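Structure record follows, encoded as structure tokens.
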Amino acid sequence: MQLFSLKTTLVATAALACAASALAQEQIVKIGHSGPLSGPNTFAGRDNDNGVRLAVEELNARKINVGGKTLKFEVISEDDQCDAKTGVAVAQKLVDSGVKYVMGPYCSGVAIPASRVYDGGGTMVSTVGTNPKVTQGGYKNLFRIIASDSQIGGNMAAYAANVMKVKKVGVVDDRTAFGQGVAEEFAKEAQKLGLTIVGREFTNDKATDFMAILTSLKGKQPEAIFYGGYAPQAAPMARQMKQLGITAKLLGGDTLCSPEMGKLAADAVNDFVYCAYAGMLMDANDTTKAFQAKFKKRFGQNPDVYGPAYYDQVMFIGEAMQKSGSIDPTKVGDWMRQNPYKGVLGEYGYDNKGNRLKAPTVVNTFKDGKPTPLASH
């Protein structure tokens with residue numbers, strides 16, 4: 001009886017020793033995600049979160065070895081509600097939890113103030129915040145993984161002037177850092193190209209009734225109206241433009257290119273909404289089609305706007321860790337600035353401010369409620 005107990009104890013001790021050894025050979029790497037997981041932009045936050053999780057699953061399957069230890073990536077996702085105060089609190093929470101890599105924030109109005117907290121904590125930030133101010137804070141380890149407002153707004157203005165041949169435009173923005181920024185860039189480029197801004201109107205990112213501002217603009221007879229804001233407001237705006245008999249097309253930035261527009265506005269978007277998307281559509285080539293199939297198999301739905309970009313950047317970070325032989329954000333960031341990466345949405349490379357180089361943009365309209373490409377820049 002004593003012999004059996006001794007053997008059992010020895011076996012158990014050996015098993016524990018093996019488990020401890022395996023754990024000792026693992027290095028946990030936390031990947032934070034800050035985005036709107038509640039509220040009207042939840043669809044975008046969930047899509048981005050899915051992109052992060054898919055990449056983490058693939059990196060873990062690769063069993064990347066750094067410094068003799070296998071990296072084990074873990075996702076810590078937080079709801080910043082696209083709210084600046086909440087986003088700063090989320091940033092502090094992630095920094096205090098020892099998170100050294102954060103994907104997000106989604107909203108420029110969150111990314112701008114939260115970046116200071118992340119920089120103070122030595123955390124790398126990879127955001128889709130498009131306002132030019134996002135990368136003007138001088139933070140070394142901040143990356144904008146898509147085009148900026150100057151590219152998005154400017155390209156939409158060029159398309160309106162050169163392809164749509166409009167002469168008079170109205171401009172509306174939701175007063176958020178993103179909406180105001182992209183509207184300013186559109187207006188600036190539109191005026192350079194000889195377009196006349198016949199009216200400027202303002203709303204907010206919670207509004208659903210735009211009848212007053214649309215009626216005001218209708219009297220000024222614009223041929224197009226640019227809206228700087230998000231899909232949950234742009235969709236009812238499109239419907240109300242149709243109700244008022246406004247024939248001007250509704251133009252916008254990347255956030256209007258979301259399939260959510262078709263879900264919220266139905267056929268009001270078809271050949272009526274035009275948007276500049278900072279990326280590539282999922283049917284652009286074999287690589288994007290394969291990614292879409294993989295994403296849908298994993299999550300039961302197609303990727304929205306930025307899930308693929310979040311996926312690409314996490315994969316880029318994983319490769320940078322492997323190639324640099326370090327998980328230190330400073331060393332990883334240095335490697336990323338010096339080496340390009342081929343992802344689903346094209347090549348990733350960054351300037352010394354963290355702006356993505358050669359960031360693709362595509363002008364789209366909608367057909368059968370789905371974004372359809374018209375021209376690439």
Side-chain angles (χ1 to χ4, degrees), residues 28-53 55-56 73-146 148-149 173-182 204-207 229-233 255 304-307 309-310 313-314 317 327-330 332-333 354:
I28 303 295
V29 178
K30 298 175 182 178
I31 305 289
H33 168 239
S34 171
L37 302 178
S38 63
N41 286 299
T42 300
F43 70 93
R46 294 292 178 194
D47 180 62
N48 300 340
D49 191 63
N50 287 343
V52 174
R53 292 181 185 278
V56 160
F73 295 87
E74 295 181 353
V75 180
I76 300 177
S77 200
E78 295 287 345
D79 181 13
D80 64 29
Q81 301 171 29
C82 268
D83 174 76
K85 185 177 179 182
T86 305
V88 169
V90 163
Q92 194 61 60
K93 180 180 179 181
L94 290 171
V95 166
D96 291 345
S97 300
V99 176
K100 295 298 182 184
Y101 296 88
V102 167
M103 300 301 302
Y106 168 71
C107 293
S108 294
V110 179
I112 294 168
S115 296
R116 183 185 297 273
V117 178
Y118 289 124
D119 184 70
T123 298
M124 179 189 290
V125 177
S126 300
T127 179
V128 292
T130 53
N131 189 296
K133 292 179 182 176
V134 169
T135 54
Q136 290 171 2
Y139 305 128
K140 186 179 179 184
N141 249 2
L142 183 147
F143 297 95
R144 191 205 319 273
I145 63 178
I146 58 167
S148 70
D149 284 342
D173 77 67
D174 66 359
R175 298 282 87 180
T176 64
F178 162 69
Q180 191 172 355
V182 74
N204 63 72
D205 61 347
K206 307 292 189 298
Y230 296 90
Q233 283 66 52
T255 49
D304 195 86
V305 176
Y306 291 133
Y310 276 65
Q313 183 73 352
V314 175
I317 289 169
I327 61 168
D328 181 294
T330 300
V332 171

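If you're wondering where the values come from, they're calculated on a predicted model, not measured in any experiment.
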I need the minimum non-hydrogen distance between Tyr230 and Asp174, along with the two atoms involved. CD1-OD2, 3.6 Å
Worked verdict on His33 versus Val102 for side-chain contact (heavy atoms from CB on, under 4.5 Å): CA-CA 5 Å; His33 168 239; Val102 167; over 6 Å; no
Shortest non-hydrogen pair, Phe43 vs Ala231, comes out as CZ-CB, 4.2 Å
Quick check against the 3.5 Å criterion: does Asn48 have a side-chain atom that pairs as donor or acceptor with the backbone of Tyr310? no
Would you call Glu74 and Ile28 a side-chain contact if the rule is heavy atoms closer than 4.5 Å? yes
Using a 3.5 Å distance criterion without hydrogens, assess whether the side chain of Asn41 forms a donor-acceptor pair with backbone atoms of Ala44. no
Could you measure the distance from the NZ atom of Lys100 to the CG atom of Asn141? Nearest 0.5 Å is fine. 10.5 Å
Apply side-chain hydrogen bond (donor to acceptor under 3.5 Å, both in side chains) to Asp49 and Ser77, showing your working. CA-CA 7 Å; Asp49 191 63; Ser77 200; 2.7 Å; yes
Can you measure from CZ (Phe73) to CZ (Arg53) and round to the nearest 0.5 angstrom? 15.0 Å
For the backbone of Gly129 and the side chain of Arg144, can you confirm whether one donor and one acceptor N or O come within less than 3.5 Å of each other? yes
Can you check side-chain contact (heavy atoms from CB on, under 4.5 Å) on Val332 and Ile327, steps first, answer last? CA-CA 7 Å; Val332 171; Ile327 61 168; 5.5 Å; no
Is a donor on one side and an acceptor on the other found under 3.5 Å between the side chain of Asp47 and the backbone of Asp304? yes
Would you indicate whether Arg116, at its atom CZ, is surrounded by more than 12 heavy atoms from other residues, nucleotides or ligands within a distance under 6.0 Å? no
Would you please test Asp149 and Thr130 for side-chain hydrogen bond (donor to acceptor under 3.5 Å, both in side chains) and show each step? CA-CA 5 Å; Asp149 284 342; Thr130 53; 2.5 Å; yes
With a 3.5 Å distance limit and no angle check, can you tell me whether Lys140 reaches the backbone of Thr330 through a side-chain donor-acceptor pair? no
Of the non-hydrogen atoms in Gly104 and Val125, which two are nearest, and what is the gap between them? O-CG1, 3.1 Å
With no hydrogens and no angle check, is any side-chain donor or acceptor of Ser126 less than 3.5 Å from a backbone partner on Gln313? no
With no hydrogens and no angle check, just 3.5 Å: does a side-chain donor-acceptor pair link Asp79 and Ser38? yes
With no hydrogens and no angle check, is any side-chain donor or acceptor of Thr123 less than 3.5 Å from a backbone partner on Val95? no
Nearest atoms (heavy-atom pairs only) where Pro232 meets Pro40: CG-O, 3.3 Å
So do the side chains of Leu142 and Ser115 get within less than 4.5 Å of each other, counting heavy atoms only? yes
Do you know which two heavy atoms are closest between Pro113 and Val88, and how far apart they sit? CB-CG2, 3.8 Å
CD of Gln233 to OG1 of Thr255, rounded to nearest 0.5 Å, is 9.5 Å
Examine Tyr118 together with Tyr139 and report whether their ring centres are nearer than 6.0 Å. no
Take Ile31 and Met103, measure what side-chain contact (heavy atoms from CB on, under 4.5 Å) needs, and give me the verdict at the end. CA-CA 7 Å; Ile31 305 289; Met103 300 301 302; 4.0 Å; yes
Are Asp205 and Thr176 linked by a side-chain donor-acceptor pair shorter than 3.5 Å? no
Check: Ser97 main-chain N/O paired with Lys30 side-chain donor or acceptor under 3.5 Å: yes
Show your working on side-chain hydrogen bond (donor to acceptor under 3.5 Å, both in side chains) between Ser34 and Glu78 and close with a plain yes or no. CA-CA 5 Å; Ser34 171; Glu78 295 287 345; over 6 Å; no
For Gly87 and Ala114, the nearest pair of non-hydrogen atoms, with its separation, is O-CB, 4.0 Å
Can you tell me how far NZ of Lys93 sits from OG1 of Thr86, rounded to the nearest 0.5 angstrom? 12.0 Å
Decide side-chain contact (heavy atoms from CB on, under 4.5 Å) for Cys107 and Phe178; before the verdict, give the C-alpha distance in whole Å, the side-chain angles of both, and the deciding distance to 0.1 Å. CA-CA 7 Å; Cys107 293; Phe178 162 69; over 6 Å; no
